[in-house]
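Let me begin by presenting the structure, written as structure tokens, before commenting on it.
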Number of protein chains: 2
Amino acid sequence: MILKQDAESPAEATSKGPPKPRLTAGQQSVLDVLQHQSQPLSAQALHGLMRRQQPIGLATIYRALDALKLLGLVQHRVTLTGETLYSAVEHDHHYLTCLQCGVSVPVDTCPVKELEAQLQGASSFRIYYHTLEFFGVCDQCEV
Amino acid sequence: MILKQDAESPAEATSKGPPKPRLTAGQQSVLDVLQHQSQPLSAQALHGLMRRQQPIGLATIYRALDALKLLGLVQHRVTLTGETLYSAVEHDHHYLTCLQCGVSVPVDTCPVKELEAQLQGASSFRIYYHTLEFFGVCDQCEV
DNA sequence: TCAGGAATGATAATCATTATCATATTGCAA
DNA sequence: TTGCAATATGATAATGATTATCATTCCTGA
């Protein structure tokens, strides 16, 4: 597979925010794909997409996603079917999901930013991202 | 197992809110346990707890949890290890979780109520509950 | 009281994710 | 630049939570 180990890590210039160590080739390609994607993707979907271009193992993708999460570059959410979906941290992705049919519609408002900043200060955590999901029943599924 | 089919369903008196059909015995006992629990529990943890009292199959617990979710009586969240935790809908349970060690600390503020009400009106969903989770790295795990 | 439908339990099957391990690659030192 | 130790990768087996299956039991309504 590809192995270049180049790709100046993002936000390397400004020494602000979380540390940004160099990414492995696998991590970099996974991140690239996610950053060009408008929708969150599962690891297996990523695998399907990426293996066309450059062969890459599924295990590598899982490992890369974990590493990127830990670097604050990638966020995750879990669907009702138990799949984990990943997306680049930059846009919030919040949803309203039907517990019956599983349909998800995006929610564009996000009232959480302030609280996140506040928690950031009050806790001993470095906070990277949050998930906000609403669950209910859509009108199609209404009794 | 127990099968009494009694237990006047909660909020049956006031005809407000989502419909509250009679619960099966299994559903009722699962709900009872969850309502007396201060922490969210996994299906398997519930099974461990409940089987001591009255024998109940694990499958029944999963089925009961699904039904209770659909009735708006139980909410769920998913841990980093992929376990689903359930709790009675009434208290919000929001957390700040370390992506590295998995430690979760409760967050007591919740700025989402208003948005939920707003969505309730604007969408065609009947919204039952939401999850709000923050992810980052705790100081123990800091590099 | 009886029949049909729903609920239950035990267990097999599923499926996303993780662990394993042999191989390949990288970074570093001589 | 070469050699080596540490790390990354891939293929695949193993794991573990959840779901499906199916025979049995219970409940409700005629």
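Only heavy atoms go into these numbers, but all of them, side chains included; no hydrogens, no water, no symmetry mates.
- At the phosphate of D/dT18, OP1 or OP2 sits under 4.0 Å from a side-chain N or O atom of B/Y62.
- One can place CD of A/Q27 at 14 Å from C1' of C/dT25, the figure rounded to the nearest angstrom.
- As a whole-Å value, the separation of A/L65 CG from D/dA8 C1' is 15 Å.
- Along DNA chain D, the nucleotide nearest B/T84 and the nucleotide nearest B/R63 are compared for position; the residue whose nucleotide lies closer to the 5' end is B/T84.
- Ring pair A/H130/A/H94: centre-to-centre distance below 6.0 Å.
- Between B/Y129 and B/H76, the ring-plane angle classifies as perpendicular under the 30° and 60° cut-offs.
- Nearer to the 5' terminus of DNA chain C, by closest-nucleotide assignment, is the contact made by B/A59 (compared with the other of B/T81 and B/A59).
- Contact check for B/F134 versus A/V112: side-chain heavy atoms found under the 4.5 Å cut-off.
- Dashed line: the shortest gap from a side-chain N or O of B/T60 to OP1 or OP2 of C/dG9 is under 4.0 Å.
- Side-chain N or O atoms of A/Q27 include one that pairs as donor or acceptor with a backbone N or O of A/T24 at under 3.5 Å.
- As a whole-Å value, the separation of B/R22 CZ from C/dG5 P is 23 Å.
- Comparing atom distances between the B/Q44 side chain and each of D/dG10, D/dA20, D/dA17 picks out D/dA17 as nearest.
- Summarising the geometry, the separation between CD1 on B/I61 and P on C/dG9 is reported as 9 Å, rounded to the nearest angstrom.
- As rounded to whole Å, 16 Å separates atom P of C/dT8 from atom CZ of B/R51.
- Counting to the nearest Å, the P atom of D/dG16 and the CD atom of B/E83 are 11 Å from each other.
- In this structure, B/H47 places its NE2 atom 13 Å from P of D/dT18, rounding to the nearest Å.
- Atom pair A/I56:CD1 and C/dT25:P shows a separation of 14 Å (rounding to whole Å applied).
- Distances shown here put a side-chain N or O of A/T24 below 4.0 Å from the OP1 or OP2 atom of D/dT9.
- When distances are taken from the side chain of B/A43 to each of D/dT18, C/dT18, D/dT19, the shortest belongs to D/dT18.
- The only member of A/E83, A/H93, A/E133 that meets side-chain hydrogen bond (donor to acceptor under 3.5 Å, both in side chains) when paired with A/R77 is A/E133.
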